[in-house]
Amino acid sequence: MTNGRAKGKSFEREVANVIKDRTGFDVKRNLMQTAEGGHDLLGVPGFAIECKRYASVKHGDLVKFWGQTVRQARAIGQAPCLIVKGDRQPIRVYVVWTGLLGMGAYDWDDFHCAAGISIDLFCAILTDGVDAPADD
């Protein structure tokens with residue numbers, strides 16, 4: 001296994017553990033991703049999660065990664081979620097910004113319609129979204 005692949009697998013495990021610890025979801029690596037294609041993590045309701053760990057992440061890289069994430073999400077009917085980390089950088093999570101849905105500008109393929117948030121906020125949204133009480 002190359003160093004890059006090992007780094008990627010390690011990052012997938014790290015992200016799975018963070019989400020699992022903060023949300024209680026049974027998050028696991030998708031061990032069939034290489035053989036069958038598809039997203040990296042299983043167990044987060046509604047999301048197809050792709051993880052990328054590189055020394056340096058440029059805007060063009062994010063656009064390319066987002067395209068892959070969207071294709072995989074569409075294939076299984078879930079929302080795209082891209083989780084990225086560069087060396088000496090915090091983990092960033094990119095998700096569709098649903099505030100654009102009613103504005104006619106929404107396009108999953110356009111990376112500029114994604115919001116970049118912290119892993120902490122992503123986990124809080126997951127927890128609040130699942131456990132939110134119904135409005136009376």
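If you read the sequence from its start, that first residue is 1, and numbering goes on from there.
With sequence neighbours excluded, the residues satisfying salt bridge (Lys or Arg N to Asp or Glu O under 4.0 Å) with R22 are D120. Among residues two or more places apart in sequence or in another chain, the ring-ring contact (aromatic ring centres under 6.0 Å, His included) test is passed with Y94 by F111.
No side-chain heavy atom of R92 sits under 4.5 Å from any side-chain heavy atom of V57. Proximity of V44 to C81: side-chain heavy atoms (C-beta onward) are nowhere separated by under 4.5 Å. For the pair I49 and I19, the minimum side-chain heavy-atom distance is below 4.5 Å. Counting heavy atoms from C-beta on, the side chains of E50 and F65 never come closer than 4.5 Å. Under the 4.5 Å side-chain criterion, counting only non-hydrogen atoms from C-beta, I125 is not in contact with T127. For the pair L41 and E12, the minimum side-chain heavy-atom distance is below 4.5 Å. Between I76 and H39, some side-chain heavy-atom pair lies under the 4.5 Å cut-off. Between V96 and P80 there is a side-chain heavy-atom pair separated by less than 4.5 Å.
Between K52 and D61 there is no salt bridge, since no side-chain N of the basic residue sits under 4.0 Å from a carboxylate O of the acidic one. A salt bridge does not link R29 with D40: none of the charged nitrogens is closer than 4.0 Å to a carboxylate oxygen.
Checking side-chain atoms of R71 against main-chain N and O of G67 turns up a donor-acceptor pair under 3.5 Å.
In this structure, F47 has its ring center closer than 6.0 angstrom to the ring center of F122.
V93 and L42 sit in two unconnected hydrophobic clusters of ILVMFWY residues. Membership requires side-chain heavy atoms under 4.5 Å apart, directly or through other members.
Note: S56 OG to Q89 CD = 8.5 Å, rounded to the nearest 0.5 Å. Atom-to-atom distance recorded for E14:CD and R53:CZ is 8.0 Å, nearest 0.5 angstrom. Taken from CD1 in I119 to CD1 in I91, the straight-line distance is 5.5 Å, to the nearest 0.5 Å.
Closest of all the heavy-atom pairs between A79 and A73 is C-CB, 3.8 Å. The minimum heavy-atom distance linking F11 with I83 is given by the pair CE2-O, 3.6 Å. The minimum heavy-atom distance linking T23 with C123 is given by the pair CG2-O, 3.8 Å.
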